[in-house]
Structure formats: structure tokens, C-alpha cells
Amino acid sequence: MKAKINIAIDGYSSCGKSTIAKAIAKELHYIYIDTGAMYRAMTLYALQHGYIAADGKVNETALIPALDLVMINFKYNTDTYKYETYLNGHNVEREIRTLQVSNSVSPISAIKEVRQKLVRLQKRMAETKGVVMDGRDIGTVVLPDAELKLFMTADPKIRARRRYEELKSMGVDTSMDDVLRNITQRDLIDTTRAHDPLIQAPDAVVVDNSNLTIEEQYQFVMHKVTQRMAVFSE
Ligand code: DC
């Protein structure tokens with residue numbers, strides 16, 4: 001019998017982590033967990049409650065004691081066939097993708113207490129195996145024992161172009177320059193923050209998809225998945 005494994009996917013912003021994670025989860029009938037959505041939901045909560053000032057500064061003294069009041073979970077939508085993010089019982093799948101949330105999510109995800117809460121939840125979600133989880137610290141902090149770790153990267157300008165097209169198709173009014181600035185800024189904060197920064201796990205397989213089609217990337221990654229599953233099914 002094939003043993004279930006956990007697959008950790010880390011990488012820079014807008015690298016196509018969720019596209020590949022969803023495709024693997026669909027193929028293997030695994031559960032896909034978008035940890036970025038959890039940090040985004042936390043950011044939305046902070047925005048809604050006035051914990052982020054107009055200049056972007058986060059009121060940590062007020063936010064940290066309120067963390068116990070924040071409940072984030074995923075529910076499967078049988079119409080869209082997708083797991084959607086819920087914040088205190090409300091579906092926030094659309095609201096967490098706005099540029100306003102994208103612009104504030106890095107400082108929120110740099111707060112130690114926020115990370116502790118969400119990492120604890122994420123570890124629990126993966127206990128039964130059969131999980132594909134994407135984020136920034138999955139292979140290093142959340143699932144250091146994951147049977148397969150992927151580290152995704154791509155040229156920032158190519159990432160900005162892809163993200164811009166995606167936002168445009170969602171009807172979001174933005175410019176290429178704004179998107180590139182947001183991506184560059186998030187890369188910098190994600191890789192230099194003190195707590196759980198984005199770093200490549202030593203045992204991760206690097207996937208640079210700058211010049212790969214989605215199909216080429218899928219074939220490459222599925223080959224790695226099959227190899228790792230064979231090792232753990234022996
Ligand atoms: O994957 P994403 O772009 O939706 O993630 C949003 C932000 O959340 C990203 O800028 C960094 C942060 N994040 C994190 O710090 N740790 C994770 N495991 C996932 C996301």
C-alpha cells in the first residue's frame with residue numbers, strides 16, 4: 001500500500017506555489033493547505049480592528065492580546081471544489097486577496113506571537129499526513145520532517161507579470177509597477193525577518209520556474225513526488 005507523505009512547498013511571493021500545490025493535492029487526493037491565506041486572514045482581522053495605522057505601522061501591543069479571539073479555518077466549497085478561508089466564521093476568501101491586505105501582510109507575519117499561533121495550527125493540520133502545505137517556513141519550521149520539500153523560485157519581473165495578469169482577470173485595478181514593488185518588498189521582509197524567515201531547507205528540491213510552463217513544472221515535480229512516495233512505501 002502507498003504510504004501517505006507530507007509535502008512542504010516554500011518559496012518567494014507569486015512563484016506559483018499554490019498552483020503546483022493544488023495540482024499535486026488533486027492528483028494524490030491529499031489536502032492542500034495555503035498557509036499564506038492564514039497570515040492574510042490575520043492581516044484582515046488587524047485591518048478590520050484598526051490595529052494597522054494609515055502609515056502601515058502595526059499596533060502590536062493591542063493586537064497580541066487579541067490573538068485568542070481570532071479563529072481561522074478552511075471549509076470545502078462543494079460548488080467551487082476549493083477549500084476557502086474563514087475568519088471567525090465568515091468566508092474571507094476574496095477579501096484576503098486585495099492589494100490592501102498584500103501590502104500589510106508581511107509586517108503582520110513578522111510578529112513572533114502571530115507565527116506561534118499559526119504554526120501550532122498548521123502542525124496540527126498535518127498530523128495525519130497526506131497534506132500539501134505551501135508557505136515560507138514549511139520545510140524549515142512547520143514540517144521539518146516532511147518527506148518531500150520543494151523550494152520554488154522565479155525571476156521577480158516574471159512573477160510580477162503573472163500576478164498582474166491574475167489580478168487583472170479578477171477585476172482588480174492595479175499597475176505592473178505596483179505589483180512588482182509589492183513583490184520585491186515582500187521578498188525582502190520575508191527573507192530578512194527575525195522569526196522563521198524564508199530560507200531554503202538544505203534537503204529541499206529547488207524548482208526555478210522562470211522558463212517552465214505549468215505542465216513542464218508539473219511533470220518535474222510529480223516525478224519527485226513519485227520517487228519520494230516509493231521510498232516511504234518500501
Ligand atoms: O503566499 P502568500 O503570498 O499568500 O503569503 C502572504 C504573506 O504571508 C507573505 O508575504 C509572507 C507570509 N507568510 C509567512 O510568513 N509564512 C508562511 N508560512 C506563509 C506566508
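One-based numbering, in listed order, for ligands and for the atoms of each.
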When distances are taken from atom 16 (N) of ligand 1, the protein heavy atom at minimum range is R115 NH2, 3.0 Å
Residue and atom name of the nearest protein heavy atom (relative to atom 19 (C) of ligand 1), distance in Å to one decimal: T35 OG1, 3.3 Å
Record the part of R40 in heavy-atom contact with ligand 1 below 4.0 Å; permitted values are side chain, backbone, both and neither. side chain
Determine, for R136 against D190, whether the closest basic-nitrogen to carboxylate-oxygen distance falls under 4.0 angstrom. yes
Atom NZ of K123: over 12 foreign heavy atoms under 6.0 Å: yes
Should we count CG of L99 as having more than 12 external heavy atoms under 6.0 Å? yes
Among Y76, Y32, F74, Y30, the one residue meeting ring-ring contact (aromatic ring centres under 6.0 Å, His included) with Y83: Y76
Closest to atom 1 (O) of ligand 1 among protein heavy atoms sits R136 NH1, 3.0 Å
Name the closest protein heavy atom to atom 18 (N) of ligand 1, giving the residue it belongs to and the distance to 0.1 Å. D137 OD1, 2.8 Å
Which heavy atom of N91 sits nearest a heavy atom of E95, and at what distance? O-OE1, 4.1 Å
Centroid-centroid under 6.0 Å between H49 and Y45 rings: yes
Report the nearest protein non-hydrogen atom to atom 12 (C) of ligand 1: residue, atom name, distance rounded to 0.1 Å. S109 OG, 3.5 Å
Within-shell test, R193 vs ligand 1, heavy atom, strictly < 4.0 Å: yes
Go through ligand 1 atom by atom and flag the ones less than 4.0 Å from a non-hydrogen atom of S106. 10 (O)
Please work out which of the three classes, parallel, tilted or perpendicular, describes the rings of F151 and Y12, given edges at 30° and 60°. perpendicular
Would you mind telling me if ligand 1 is within reach of the side chain of D190, the backbone, both or neither, using heavy atoms under 4.0 Å? side chain
Which residue holds the protein heavy atom closest to atom 3 (O) of ligand 1, what is that atom called, and what is the gap in Å? R186 NH1, 2.8 Å
Looking at E113, I'd like to know if its CD atom is crowded, meaning that more than 12 non-hydrogen atoms belonging to other residues, nucleotides or ligands lie closer than 6.0 Å. yes
Could you list the atoms of ligand 1 found under 4.0 angstrom from a heavy atom of G135? 17 (C), 18 (N), 19 (C)
